[in-house]
2 protein chains.
Amino acid sequence: MAESSEPPSSPRESARQSVTLQDIAAHAGVSRSTVSLVLRESPLVADSTRTRVQASIKALGYVYNRGAAALRASHTFTLGVVVYDIANPFFGAMVAGIDSVLHRENYVSFLANSEDSPERQQRFLERMREQRVDGLLLCPAEGTDPALLTQLMGWNMPCVQVLRHIGTPPFDYAGTDFELGVRQAVDHLVALGHRRIVFLGGEAEHSATRARHQGYHDAMHAQGLGEVLGIVRGPVTRRAGFEGIQTLMQETPRPTAVICHNDLMALGAMLGLQRLGLIPGEDCAIIGTDDIEEAALSLPPLTSVATHPFSIGEEAARLAMRRIANPGGAREQVILTPRLQVRHSCDPIPAHGEALYRRYPHATLDA
Amino acid sequence: MAESSEPPSSPRESARQSVTLQDIAAHAGVSRSTVSLVLRESPLVADSTRTRVQASIKALGYVYNRGAAALRASHTFTLGVVVYDIANPFFGAMVAGIDSVLHRENYVSFLANSEDSPERQQRFLERMREQRVDGLLLCPAEGTDPALLTQLMGWNMPCVQVLRHIGTPPFDYAGTDFELGVRQAVDHLVALGHRRIVFLGGEAEHSATRARHQGYHDAMHAQGLGEVLGIVRGPVTRRAGFEGIQTLMQETPRPTAVICHNDLMALGAMLGLQRLGLIPGEDCAIIGTDDIEEAALSLPPLTSVATHPFSIGEEAARLAMRRIANPGGAREQVILTPRLQVRHSCDPIPAHGEALYRRYPHATLDA
DNA sequence: GCCTCGTTTTGGATTGATCCAAATATGAGA
DNA sequence: TCTCATATTTGGATCAATCCAAAACGAGGC
């Protein structure tokens with residue numbers, strides 16, 4: 001006791017080597033093991049001991065070494081998150097939802113932006129294995145080999161797929177009912193009197209695309225419009241919306257309404273209409289998907305199938321926590337229900353308003 | 001050699017305990033140390049040895065254990081990134097820029113969303129210390145105590161501030177010249193004939209706010225307009241823009257132009273004008289800051305001071321790499337030059353176009 | 001006073017890599 | 001063939017925690 005009082009005195013000049021459990025133990029007059037138990041909030045430790053140890057921890061300015069702990073323990077309280085486009089505000093909101101849950105659970109997460117490259121994604125996943133994360137939240141890149149799931153299972157690595165999924169059930173998944181969302185959009189348009197309804201976007205074969213296309217197909221058939229126009233496949237960017245709608249509007253018969261794969265496309269499509277001197281709502285109704293915050297700020301405000309990204313993020317993170325706590329448990333699919341957020345991009349507009357839209361015929365995505 | 005050929009044979013049923021350097025060493029007939037050198041791509045190892053070891057690594061399905069490595073090594077190839085609103089597309093783009101550089105450098109990053117809470121930020125930073133990250137990219141939360149920098153220095157933790165900074169130089173920082181950006185905006189408006197120019201937004205006392213206000217102040221004075229209207233302080237959200245401009249337009253004298261703290265505010269402000277039956281550009285010119293992708297998609301397309309978030313992210317990450325490689329080096333400030341992206345939100349509009357904007361008087365941020 | 005039984009505490013082994021100083025191998029020149 | 005410098009390789013110590021079986025402690029009951 002008296003013997004160890006000098007070395008760990010107040011602030012050491014450079015604190016070159018860090019304070020360890022051993023130092024705390026010496027200072028508090030207990031063993032290394034006991035200190036470890038205190039740190040992990042074990043109920044085994046007597047209250048009096050606990051407070052004494054905690055005081056020593058504070059006094060010596062101890063810093064827990066997670067690397068060392070991870071070497072022996074089974075958990076790292078660490079997660080890997082993969083999205084394919086973090087610059088898309090949809091994913092921003094989703095990541096915020098994930099972060100809010102993880103923060104409560106004392107987890108931290110590695111984030112990677114795969115840019116929809118399976119190779120880049122694979123590299124990150126391998127790195128996550130090296131880091132020994134407790135689990136993954138994965139929004140698989142386009143073209144990801146479904147064998148990836150088997151691989152992860154072989155790694156013994158819990159993985160919750162988000163938004164898109166690959167492979168065959170059972171797997172853990174959190175997302176939204178895209179099929180229902182598109183059905184709501186089609187039904188809404190039909191109720192407004194539309195028949196020539198096109199679905200714009202999605203070429204890659206992943207679940208989120210298939211579900212949307214399926215929803216479109218089913219809803220159109222249910223409305224007896226099965227053979228009227230159809231799906232235009234392509235990338236799902238702003239630019240694709242901008243260009244895609246311009247092509248569509250030059251075809252015969254022209255669609256009277258377009259449902260877009262996501263809001264970015266829809267916003268691009270509205271700009272594309274302007275470029276042609278056409279008016280969103282009047283000349284062609286537009287519906288987007290996601291209901292990102294920007295949707296309310298366009299002119300006209302965009303009607304969109306709200307998919308609640310923040311909630312999806314929360315649900316995914318919670319599911320991951322459950323799976324980590326119980327690795328053998330039954331796989332779960334958490335499917336949120338989308339809701340059509342009606343704004344004004346399907347409203348017809350009085351003819352005398354056209355001039356305004358036509359004022360910016362040379363608007364492009366770049367200027 | 002023959003002795004160790006059985007245990008690490010092909011796939012073990014459950015691979016319960018992992019393959020270690022020791023196993024590789026035995027398989028390749030070298031020592032643990034040599035394998036370690038191969039893993040770290042040391043030039044010391046002979047080519048023939050290297051290939052043999054690499055073959056063994058592949059054959060046994062070895063997985064590098066970063067936790068164990070971190071225990072001894074000085075680097076973890078890990079970084080902490082803190083932003084205050086990941087749902088803001090500006091930060092999405094910035095994080096994408098960070099990620100692209102880190103990926104090239106073989107780094108991975110922990111991401112946290114502080115939600116502008118200094119407590120939450122502090123908790124994350126402490127966690128990062130426990131994880132022994134090599135450095136931090138920090139966009140400090142509003143109200144962060146400048147002593148934080150001293151604290152981090154005491155921790156011996158390299159930290160690059162991004163976009164905002166606290167404390168006093170020298171420190172590492174990557175951002176943009178907000179002051180110049182606002183000056184560009186003011187000059188542009190004055191050239192268009194505006195005199196009653198208001199700056200909208202920013203109440204907290206951080207560098208990015210001060211710089212903007214300073215830029216506004218200087219530019220207005222340089223133009224001889226120093227006492228004409230001024231700065232309206234407040235939060236910097238979409239909603240604040242929406243509400244702020246409505247208040248402004250009911251005052252006398254009314255401003256003829258508003259420069260907004262960021263694009264979200266500017267987009268909200270344009271919606272606010274509509275709500276009043278006013279026309280952006282005609283009744284009041286609007287300029288935003290950031291030039292997020294959405295800026296091009298509004299109607300009218302928003303004129304904005306482009307701050308290039310992706311590049312800022314890249315520069316910040318590169319600076320962090322430099323600082324980690326050379327902790328004692330001179331602190332650096334990387335200041336990018338903003339550029340005014342002129343679109344149409346300052347154009348006057350023919351009167352007969354008004355009807356269209358007035359069609360959506362009840363538009364709000366929620367619907 | 002001794003014996004349980006439950007509560008606390010403990011030491012030694014273990015985790016899987018890196019560091020470092022020293023040992024060994026290799027090759028050129030004398 | 002020997003020497004010396006250079007190129008490779010190595011074993012032991014070390015990093016800082018957790019796990020686990022066993023020991024110490026303390027309170028009641030007989």
Next item on the list: Check the distance between D/dA17's C1' and B/E130's CD and give it to me in whole angstrom.
Entry: 13 Å
Notebook entry, point to check: Tell me: CD of B/E41 to P of C/dA17, nearest whole Å?
Noted result: 16 Å
Check: Does NZ or CZ of B/R127 fall inside the cone over B/F110's six-membered ring, less than 6.0 Å from its centre and within 45° of the axis?
Finding: no
Margin query: Taking only side-chain N and O atoms of B/R40, does any of them lie within less than 4.0 angstrom of OP1 or OP2 on C/dC19?
Written below: yes
Next item on the list: For residues A/Q161 and A/P140, report the shortest heavy-atom separation together with the two atoms involved.
Entry: OE1-CG, 3.7 Å
Note to self: For a side-chain contact (heavy atoms from CB on, under 4.5 Å) check, start with the C-alpha distance between A/V63 and B/W155, then their side-chain angles and the critical distance, and finish with the verdict.
What the structure shows: CA-CA 10 Å; A/V63 179; B/W155 291 1; over 6 Å; no
Margin query: The test is side-chain contact (heavy atoms from CB on, under 4.5 Å); show your working for A/D85 and A/D116 and say whether it passes.
Written below: CA-CA 7 Å; A/D85 180 18; A/D116 250 339; over 6 Å; no
Next item on the list: Provide, to the nearest angstrom, the distance between the CG atom belonging to B/L21 and the C1' atom belonging to D/dG12.
Entry: 15 Å
Notebook entry, point to check: Just how far, in rounded Å, is C1' of D/dA16 from CD1 of A/I24?
Noted result: 12 Å
Checklist line | Interface with DNA chain C, restricted to residues 42-55 of chain A and to heavy atoms under 4.0 Å | finding: A/L44, A/V45, A/A46, A/T49
Notebook entry, point to check: On the ring face of A/Y84, is A/R164 found with NZ or CZ under 6.0 Å from the centre and within 45° of the axis?
Noted result: yes
Note to self: Whole angstroms only, please: what is the CG-P distance between A/D23 and D/dA16?
What the structure shows: 9 Å
Next item on the list: Kindly indicate, with the supporting measurements, whether the criterion side-chain contact (heavy atoms from CB on, under 4.5 Å) is fulfilled by B/L137 and B/L79.
Entry: CA-CA 8 Å; B/L137 294 179; B/L79 225 62; 4.2 Å; yes
Item checked: Contact letters for nucleotides 10-15 of chain C, in which S counts primed atoms plus P, OP1 and OP2 and B counts the base, heavy atoms under 4.0 Å -> BBBBBB
Next item on the list: List the atom of B/D172, the atom of B/C159, and the distance in Å for their closest heavy-atom pair.
Entry: CB-O, 3.7 Å
Item checked: Closest non-hydrogen atom pair between B/L102 and B/A317, with its separation -> CD2-CB, 4.1 Å
Item checked: Between P of C/dA17 and CD of B/Q22, the distance in whole Å -> 10 Å
Pairwise N/O distances under 3.5 Å, protein to nucleotides 25-27 of chain C:
none

Notebook entry, point to check: Shortest non-hydrogen contact from B/A316 to B/V162?
Noted result: CB-CG2, 3.9 Å
Check: Rounding to a whole Å, what distance do you find between A/Y62:OH and D/dA16:P?
Finding: 9 Å
Next item on the list: Starting at atom CG of B/L39, determine the distance to atom P of D/dT9, rounded to an integer number of angstrom.
Entry: 14 Å
Checklist line | NZ/NE/NH1/NH2 to OD/OE distance under 4.0 Å, A/E315 and A/R318 | finding: yes
Next item on the list: For the residue pair B/H165 and B/F171, categorise the inter-ring angle as parallel (less than 30°), tilted (30 to 60°) or perpendicular (more than 60°).
Entry: tilted
